[in-house]
2 protein chains.
Amino acid sequence: MATDSAPSSVLRPTLRERKKQRTREALIDTALRLFTQRDFDGVTLDELCDRVEVSKRTFFRTFASKEEVAMAPYEDMWRAFINELESRPVAAECSILQVLQEAVLAAMRTMDTGEWAHRLLSCTRLAGRTPAIEAHCRYFCGVTVRAALDVLHRRFGLDPHDLRPRLALDILVAAFHRALETWADRPQDPTAEHLATDTLAAFAAIPGSLTLTGAAPADRAPQSRVGTL
Amino acid sequence: MATDSAPSSVLRPTLRERKKQRTREALIDTALRLFTQRDFDGVTLDELCDRVEVSKRTFFRTFASKEEVAMAPYEDMWRAFINELESRPVAAECSILQVLQEAVLAAMRTMDTGEWAHRLLSCTRLAGRTPAIEAHCRYFCGVTVRAALDVLHRRFGLDPHDLRPRLALDILVAAFHRALETWADRPQDPTAEHLATDTLAAFAAIPGSLTLTGAAPADRAPQSRVGTL
DNA sequence: AAAGCAAACGCCACTCAGTGGCAAACTGCC
DNA sequence: GGCAGTTTGCCACTGAGTGGCGTTTGCTTT
């Protein structure tokens, strides 16, 4: 099945692991396709497993729930985010929020831009119209935020009782969700570059959200200012 | 069962509605008690329904899911929040975020402080250790935020494409969750007053979360400044 | 007060997500 | 080539959630 017959170089994962990976991707792709064609609830796991020719038991050894397979591309990105947060060198004078924002953008760049962006688009649109998936997505965010908070405390030595780092993380996640929403609402098939643009725009809108007032027609400058971080 | 035999005054709900309400409360109380004693997963709906002497069919006419009954006190508060947002008079010069914060505090005050606080405590602690409940809770927040956004647009005539009101709502919810966490971590049984205090503290920590830096030992003043809104 | 009506309830059967156990198949390694 | 450890498939089972339908209960009208 593999097109390149190059001999195994260093660090090549074992056959067992490659098979597992291939099963995982087949499940994700087939699931996203089926869930998009019909509804999430309109596709049973039995059918999905039949298509991929895998037993339901195996499905649950790969994913913890029906929702998880649909959100896998999204979750992969946040796992990359945690890695970035763990390993990126950071300038000392940066604010925590800036560090977090850069880690998100870096994580996006580590994803395979082609197929990944397309899959993320599918699962974002799916999440937007499927309560069960949205719930799972939000729960996963909570887990990720706690993991990220752990890293922050380790790397920056913050006060464990300080609410602000945690708030900064929640704000980051909220802004990124706004970006995803904007991105997925674009007509046709938006690219990974569009996502980066929309993410910057959402991050730029954060400060203004604290001071925004309602009475006046509200100047719209801040949110479209997609300038440097 | 009712202790006061005063004749029905104006606006008394019908017997049918009172019965329904009593069933609802019995389900909530029994569920919170059972879920707290054993685990959420350790209690089946069949058992819960047996205890309350209600058919499972009736349970699902009252609540949409097993998770919902556990989070009912929490959800009731957010529904009150929407009402406040809809009906409260607001000073023109206030920021949107301030309006939202005051609506949250007002909603808390409309809840029956005695029993409600105790129930909210149970479901907060439950949510903290039950993934399924946390997921449901977060999904519900998303629905509430969208409803609130609707009210904001209607009352303040904001640009539908402006990301900032939505961000402000997400930040509000995040801060309130921090407050709940702090509150539920207090030893013994914290009261509704404690919750108001913790909520103010969480709100006060918002601005500092955007500018917080990691290198220095981080001044802790802003988060403990529980001053006026 | 009796009858009529609509809402709510209980019961039954069913679908489907998710789990545990065990035997068969496969991979990695010698 | 054969052994050891992992992975997979199959089967049976639990429990959440739904639809249908006949019965009960509260409200209303005369």
Side-chain angles (χ1 to χ4, degrees), chain A residues 1-2 7-8 10-27 30-31 34-35 38-72 126 130-136 139-140, chain B residues 1-2 8 11-27 30-31 34-35 38-72 126 130-136 139-140:
Chain A
M1 299 222 176
S8 64
V10 287
L11 280 180
R12 180 114 177 269
T14 70
L15 172 59
R16 207 172 258 174
E17 276 162 349
R18 274 178 287 146
K19 261 195 164 176
K20 215 169 172 176
Q21 194 57 31
R22 230 180 302 158
T23 302
R24 186 182 130 96
E25 276 166 23
L27 280 170
T30 310
L34 289 179
F35 293 162
R38 308 212 281 290
D39 249 359
F40 179 74
D41 294 320
V43 182
T44 66
L45 282 185
D46 287 317
E47 183 184 349
L48 171 60
C49 292
D50 274 357
R51 296 281 185 115
V52 187
E53 294 185 295
V54 162
S55 80
K56 205 167 61 166
R57 203 68 192 77
T58 297
F59 176 91
F60 281 107
R61 282 192 202 98
T62 315
F63 300 100
S65 68
K66 188 184 177 187
E67 287 80 27
E68 195 175 302
V69 68
M71 290 307 282
L126 226 39
T130 314
I133 299 186
E134 188 185 336
H136 175 267
Y139 171 72
F140 177 82
Chain B
M1 300 220 177
S8 64
L11 279 179
R12 180 116 176 270
T14 70
L15 172 59
R16 202 176 260 172
E17 277 162 348
R18 273 177 289 146
K19 262 195 162 176
K20 213 170 172 177
Q21 194 56 32
R22 231 179 300 158
T23 302
R24 186 182 130 96
E25 275 165 23
L27 281 170
T30 310
L34 290 179
F35 293 162
R38 307 210 282 290
D39 249 0
F40 180 73
D41 294 321
V43 182
T44 66
L45 282 184
D46 287 316
E47 183 184 349
L48 171 60
C49 292
D50 274 359
R51 297 280 186 116
V52 188
E53 294 185 294
V54 162
S55 81
K56 206 167 61 166
R57 204 67 191 75
T58 297
F59 175 91
F60 282 107
R61 282 191 201 98
T62 315
F63 301 100
S65 69
K66 189 184 176 186
E67 288 79 28
E68 195 175 302
V69 69
M71 291 306 283
L126 225 39
T130 314
I133 299 186
E134 187 185 336
H136 176 267
Y139 171 72
F140 178 80

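Here is how names work: the chains are called A, B, and so on, in the same order as the sequence lines, proteins then strands, and each is numbered from 1. The figures that follow rest on heavy atoms only: side chains count, while hydrogens, waters and symmetry mates do not.
- When heavy atoms are screened at a 4.0 angstrom cut-off, B:K19 is found touching the sugar-phosphate backbone but no base atom.
- Rounding to whole angstrom units, CD of residue A:E67 and C1' of C:dG18 are separated by 11 Å.
- Pairing each heavy atom of B:F40 with each of B:A132, the nearest pair is CE2-CB, 4.3 Å.
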Short N/O separations, protein against nucleotides 20-23 of chain C, under 3.5 angstrom:
from, atom 1, to, atom 2, distance (Å)
C:dG20, N7, A:R57, NE, 3.0
C:dG20, N7, A:R57, NH2, 3.1
C:dG20, O6, A:R57, NE, 3.3
C:dG21, O6, A:R57, NE, 3.3

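- Map A:T62 and A:K56 each onto its nearest nucleotide of DNA chain D; the residue landing nearer the 5' end is A:T62.
- The CZ-P distance, from A:R18 to C:dC26, rounds to 17 Å in whole Å.
- Taken to the nearest 0.5 Å, the OG1 atom of A:T62 stands 12.0 Å off from the CD atom of A:E25.
- Whole-Å rounding puts the A:D39 CG to C:dT15 C1' distance at 17 Å.
- What you find for B:L27 and B:L48 is that their closest heavy atoms are O-CD1, 4.1 Å.
- Here C:dA8 presents its P atom at 15 Å from CZ of B:R24, a figure rounded to the nearest Å.
- Computed from coordinates, the A:E68 CD to C:dG18 P distance equals 10 Å when rounded to whole Å.
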Full working for side-chain contact (heavy atoms from CB on, under 4.5 Å) between A:F140 and A:E68: CA-CA 9 Å; A:F140 177 82; A:E68 195 175 302; over 6 Å; no
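- Contact annotation: the side chain of B:T130 never approaches that of B:F35 to less than 4.5 Å [non-hydrogen atoms, C-beta and beyond].
- Across A:L45 and A:K56, no two heavy atoms sit closer than the pair CB-CD, 4.3 Å.
- Taking each heavy atom of B:S65 and B:F60 in turn, the nearest pair found is CA-CE2, 4.1 Å.
- On the nucleic acid side, DNA chain D contacts chain A at distances under 4.0 Å to non-hydrogen atoms, with the end points of that region at D:dG5 to D:dC10.
- Against DNA chain D, the stretch residues 40-55 of chain B makes heavy-atom approaches under 4.0 Å through B:V43, B:T44, B:L45.
- Looking at A:V69 and A:F59, their side chains come closer than 4.5 Å, going by heavy atoms from C-beta outward.
- Nucleic acid contact class of B:K20 (heavy atoms, under 4.0 Å, all strands): sugar-phosphate only.
- Annotation for B:R51 and B:L34: closest pair NH1-CD2, 3.8 Å, computed over non-hydrogen atoms.
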Run the side-chain contact (heavy atoms from CB on, under 4.5 Å) test on B:E17 and B:Q21 for me, step by step, so that the C-alpha distance in whole Å, both residues' side-chain angles and the decisive distance to 0.1 Å come before the verdict. CA-CA 6 Å; B:E17 277 162 348; B:Q21 194 56 32; over 6 Å; no
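- Of all the heavy atoms in B:K66 and B:D41, the pair that sits closest is NZ-CA, 4.2 Å.
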